[in-house]
Undergrad: 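Handing you a structure now.
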2 protein chains.
Amino acid sequence: MTDKPRHSWVTIRDSIREMILNSTYGPGDKLPRDEEFAARFGCARSTVHRAMRDLAQSGLVERRRKGGTMVQRDPVTRATLNIPITRLEVEQKGCVYRYQLIRQSVQRSSPAIMANFGLHEARPMLRVEALHLADSRPYIFEDRWICLETVPEINTVDLTRESANEWLVRNRPYSRCDLRLFARPGTKNDSEILQSEIGDALFVMERTTWIGDAPITSLRAVAHPGYQLFTQG
Amino acid sequence: MTDKPRHSWVTIRDSIREMILNSTYGPGDKLPRDEEFAARFGCARSTVHRAMRDLAQSGLVERRRKGGTMVQRDPVTRATLNIPITRLEVEQKGCVYRYQLIRQSVQRSSPAIMANFGLHEARPMLRVEALHLADSRPYIFEDRWICLETVPEINTVDLTRESANEWLVRNRPYSRCDLRLFARPGTKNDSEILQSEIGDALFVMERTTWIGDAPITSLRAVAHPGYQLFTQG
DNA sequence: GACATTAATATGTAGCTACATATTAATGTA
DNA sequence: TACATTAATATGTAGCTACATATTAATGTC
C-alpha cells in the first residue's frame, strides 16, 4: 500500500524546504549539488532541478551556476498581490458597481508622471479622472494618464461608458508594472469626490505600466476610507 | 550569422505573449495545443510547456488538463512585494538602524489575533511591542504576537537586543503568509510612539504566518507618516 | 607576482519517450 | 430520458541524454 507520490518534485521540494526550516541547512549554508540530492532521493536530476527552481522563485534559496545553491541569507517576505479590475473587485463583494467619468483631457505629461515613467521629455497623454462606486458609494478615485503614442486607440473609446481601467487591462496587457503603496491624509478635493472627511487616512495605490519600453499608463488610485488590500494565498 | 536563441523557451514565451498582446488571441480565446505550437515553432512540446507554465504563472493564460489553454478573460495585475527584514530596509536607505523593545508579555491570544490565525480557541502567546528606528527617528512600530506552542524557543531570545522580526525571519521560515494593507488615522498611542500627530494618515501592514497549519506570528506594523511600499520589478 | 588563458564544475536548457491525471465527449444500459 | 461507464484528449510529470552557460579554480606566461 505504498501510495506513490503524485508530484514527486513537490515532495522533494517540500523535503528540502523542511530541511531548511528545521535548520539542517541554515541561512547562508551551501546546499548539496542537485545530483547529490537526486542520488539521495533516488530520482532524476531534472526532478531536483524542478524543485529547486520553485524554492529559488519563492526566495528561500539562491542558485548560481557553478556556485551552487545557497539558503538565502536574508530571507524576504515575498507576497503576491492580485489587483483585479476594479469592477470585478466591487462585484465580488456583492456590491453593485458603477463608474463615473469626471474629467478627461489631452495634456503634456507632468513632471511627476514623467518621473514615474522615467521619461526625459514630455509626451502627449490622455488624462482621465474617474470614480468607481460600490452600491452608489465612492469606492476608488483614479487619476490616470495614458500615453497617446503607445495607446492611440484610447481616443476611440467612449470613456463615459467604459472605464479606462477595464479597457486597458483587457486590451493592453503590459510587460512591466511598478507599484507604490502609501497612506495620505485626504485633501479637500478627495473629500468632495470620495465623500470623506478632510484629513481622513486614505490608502493610495500608484501604478505605472509599460509594454516593452513604451509607457502605457500611470495612475494614482485613492481608495475610500476603510479600504484594505489583501494577498490571496 | 544566425544568432541562435539562448533561451528558447523564453523566446517562445515572448512570441506567444506577443500574439496575445497584439490580439491574435484575445481574452477568453482558446490557444492552440502545446503540440501545435511546438510544430509551429519547430521545437519540442516540453519547451512550449515551459513557456506556457510561465505565462500561466504570470496570470496571462489559464491552463486546464484536457481543457487546453485559454487567454485569461479577466486579467489581474499580479505584483510581487518583497518585504525585507526591517533592519535591512532601513540600512538600505543609508540610515542607521536602531531597535527598541517597548513591552513584552505572555498573553492568551486576543479574539482579533485568533481571527487572523483562524483559531477557535485561545492559545498562549508572547506579545511583543517594539519600535524600529531609522537615524533615531521612529520608522515602524510593530505589535506582534508569537505562538508559544509553535515557537517555544522565542523565550530564550533576548528581545531587548535582537528584534523578533529578525529572529523569526532567520529562524522560522513560514509556509504560508497572509498580508493585509490599509491606511488608518493615527491614534494618541501612535502619536506618542511614532512622534506623529494624532490623525496623521498611517500605513499599516498586518502579517500573519504559519508553518504548515501551526501559527507562528501575527503582527501589525504601523509605519511612520510618509512611508511607502514598493514593488521591485 | 600580476595577469591572461584554460580547465573544471554546477546549474540551465533542449529534446526525447513514456506514462499520469483530469476532464470532456461518447457510449451503453436501465 | 437519466445516469453510469468508457474512451478520447490536452496538459502535467518523471526520467534520460546531450549540450550550453556562467563562474570559480588551476595553470601558464611575461
Side-chain angles (χ1 to χ4, degrees), chain A residues 1-20 24-73, chain B residues 1-20 24-73:
Chain A
M1 219 55 115
T2 58
D3 55 338
K4 133 180 43 159
R6 314 199 147 192
H7 301 301
S8 169
W9 73 266
V10 172
T11 312
I12 285 167
R13 178 200 62 187
D14 291 346
S15 301
I16 296 175
R17 174 155 54 195
E18 184 55 30
M19 286 191 272
I20 294 172
T24 305
Y25 303 103
D29 286 359
K30 201 173 148 188
L31 291 181
R33 303 170 15 227
D34 290 5
E35 271 182 46
E36 163 67 22
F37 267 129
R40 222 185 276 183
F41 286 115
C43 69
R45 175 168 83 91
S46 53
T47 308
V48 175
H49 179 65
R50 188 100 157 68
M52 284 298 196
R53 270 209 357 245
D54 202 68
L55 292 172
Q57 169 145 23
S58 76
L60 194 59
V61 304
E62 194 185 331
R63 314 197 80 199
R64 270 162 51 206
R65 290 186 177 178
K66 161 78 182 180
T69 308
M70 210 181 75
V71 179
Q72 192 65 253
R73 188 179 297 278
Chain B
M1 224 50 125
T2 57
D3 55 339
K4 127 180 46 159
R6 316 200 145 190
H7 301 302
S8 168
W9 73 267
V10 171
T11 311
I12 285 167
R13 179 200 61 189
D14 291 346
S15 301
I16 296 175
R17 173 153 56 193
E18 185 53 32
M19 286 191 272
I20 294 172
T24 305
Y25 304 103
D29 287 358
K30 202 174 148 188
L31 290 182
R33 304 170 12 227
D34 290 4
E35 270 183 47
E36 164 66 21
F37 268 129
R40 220 185 277 183
F41 287 115
C43 69
R45 176 167 82 91
S46 52
T47 307
V48 175
H49 179 65
R50 187 85 80 89
M52 285 297 198
R53 270 213 355 249
D54 201 68
L55 291 171
Q57 167 145 21
S58 77
L60 194 60
V61 304
E62 195 185 331
R63 315 196 80 202
R64 268 161 53 207
R65 290 185 177 179
K66 160 79 182 179
T69 307
M70 209 180 75
V71 180
Q72 192 64 254
R73 188 178 297 277

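Small disclaimer: the values here were computed from a predicted structure and weren't measured. Convention: sequence-line order gives letters A, B, ...; per-chain numbering from 1.
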Undergrad: Nearest 0.5 Å, please: how far is CZ in A:Arg13 from CG in A:Leu60?
TA: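 The CZ atom of A:Arg13 is 10.5 Å from CG of A:Leu60, to the nearest 0.5 Å.
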
Undergrad: Of the nucleotides D:dA8, C:dG15, D:dT11, which has the atom closest to the B:Ala44 side chain?
TA: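 Looking only at heavy atoms from C-beta outward on B:Ala44, the closest nucleotide is C:dG15.
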
Undergrad: Whom does D:dA22 pair with, Watson-Crick or G-U wobble, provided both distances fall under 3.5 Å?
TA: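 Check on D:dA22: paired to C:dT9, both distances under 3.5 Å.
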
Undergrad: Can you find a side chain N or O atom of A:Arg64 that sits less than 4.0 Å from OP1 or OP2 on D:dA22?
TA: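 Answer no for this pair, as no side-chain N or O of A:Arg64 is under 4.0 Å from OP1 or OP2.
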
Undergrad: Looking at C:dG15, C:dT13, C:dG12, which one has an atom nearest to any side-chain atom of B:Trp9?
TA: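 Among the listed nucleotides, the one closest to the side chain of B:Trp9 is C:dT13.
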
Undergrad: Within a strict 4.5 Å, meaning less than it, do heavy atoms of the B:Asp14 and B:Arg17 side chains meet?
TA: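 They are in side-chain contact.
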
Undergrad: Using a cut-off of 4.0 Å on non-hydrogen atoms, how would the nucleic acid contact of A:Gly67 be classed: base, sugar-phosphate, or nothing?
TA: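 It contacts nothing in the nucleic acid.
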
Undergrad: OP1, OP2 of D:dT11 versus side-chain N and O of B:Arg63: anything below 4.0 Å?
TA: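 Checking D:dT11 against B:Arg63, a side-chain N or O does come within under 4.0 Å of OP1 or OP2.
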
Undergrad: Answer yes or no: is there a side-chain heavy-atom contact under 4.5 Å between B:Met52 and B:Leu31?
TA: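 When only atoms from C-beta onward are counted, B:Leu31 and B:Met52 do touch, with a gap below 4.5 Å.
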
Undergrad: Between B:Arg53 (CZ) and C:dT13 (C1'), how many Å, whole number?
TA: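 Value for this atom pair: 13 Å.
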
Undergrad: Going by heavy atoms in the side chains, are A:Phe37 and A:Ile16 under 4.5 Å from each other?
TA: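 Answer yes - side chains close enough.
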
Undergrad: Could you give the CE-to-P distance, from A:Met70 to D:dT24, as a whole number of Å?
TA: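 Spelled out: CE on A:Met70 to P on D:dT24 is 12 Å.
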
Undergrad: Round to a whole Å and report the spacing from CZ of B:Phe37 to C1' of D:dT11.
TA: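 In whole Å, D:dT11 C1' and B:Phe37 CZ are 14 Å from each other.
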
Undergrad: Nearest 0.5 Å please: distance from the OG1 atom of A:Thr47 over to the CZ atom of A:Phe41.
TA: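 The distance works out to 11.0 Å.
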
Undergrad: Whole angstrom is fine here: how far is it from CG in A:Leu55 over to C1' in C:dT11?
TA: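 Distance, rounded to whole Å: 15 Å.
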
Undergrad: Give the rounded distance in Å between these two atoms: CD of B:Glu35 and P of C:dG15.
TA: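 So the CD-P distance, B:Glu35 to C:dG15, works out to 15 Å.
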
Undergrad: Measure from CG on B:Asp34 to P on C:dG15 and round the result to the nearest Å.
TA: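 Going from B:Asp34 (CG) to C:dG15 (P), I get 14 Å.
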
Undergrad: Starting at atom CZ of B:Phe41, determine the distance to atom C1' of C:dG15, rounded to an integer number of angstrom.
TA: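 About 17 Å, once rounded to whole Å.
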
Undergrad: Do the side-chain N or O atoms of B:Ser8 get closer than 4.0 angstrom to the phosphate oxygens (OP1, OP2) of C:dT13?
TA: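 Answer no for this pair, as no side-chain N or O of B:Ser8 is under 4.0 Å from OP1 or OP2.
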
Undergrad: Which of these nucleotides, C:dA14, D:dA22, D:dT13, is closest to any side-chain atom of B:His49?
TA: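 Of C:dA14, D:dA22, D:dT13, D:dT13 is nearest to the side chain of B:His49.
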
Undergrad: Select from A:Lys66 and A:Arg50 the residue whose nearest nucleotide in DNA chain D is closer to the 5' end of that strand.
TA: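 Its nearest nucleotide being more 5', the pick is A:Arg50.
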
Undergrad: Find the distance B:Glu62:CD to C:dT23:P and express it as a whole number of Å.
TA: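 So the two atoms are 11 Å apart, to the nearest Å.
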
Undergrad: Please tell me which of the listed nucleotides, C:dA14, D:dT11, C:dT11, lies nearest to the side chain of A:Thr69?
TA: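 So the side chain of A:Thr69 is nearest to C:dT11.
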
Undergrad: What is the nucleic acid contact for A:Ser46, judged by heavy atoms within less than 4.0 Å: base, sugar-phosphate only, or nothing?
TA: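 Base: the residue A:Ser46, judged by heavy atoms under 4.0 Å, touches a nucleobase.
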
Undergrad: Determine: side-chain N/O of A:Arg65 to OP1/OP2 of C:dT13, distance under 4.0 Å, yes or no.
TA: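 Indeed not, no polar side-chain atom of A:Arg65 lies that close.
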
Undergrad: Please tell me which of the listed nucleotides, D:dT13, C:dA14, C:dT23, lies nearest to the side chain of B:Arg45?
TA: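 Of all the options, the side chain of B:Arg45 is nearest to D:dT13.
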
Undergrad: Do the non-hydrogen side-chain atoms of B:Val61 and B:Tyr25 ever get within less than 4.5 Å of each other?
TA: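 They are not in contact (no side-chain heavy atoms under 4.5 Å apart), so the answer is no.
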
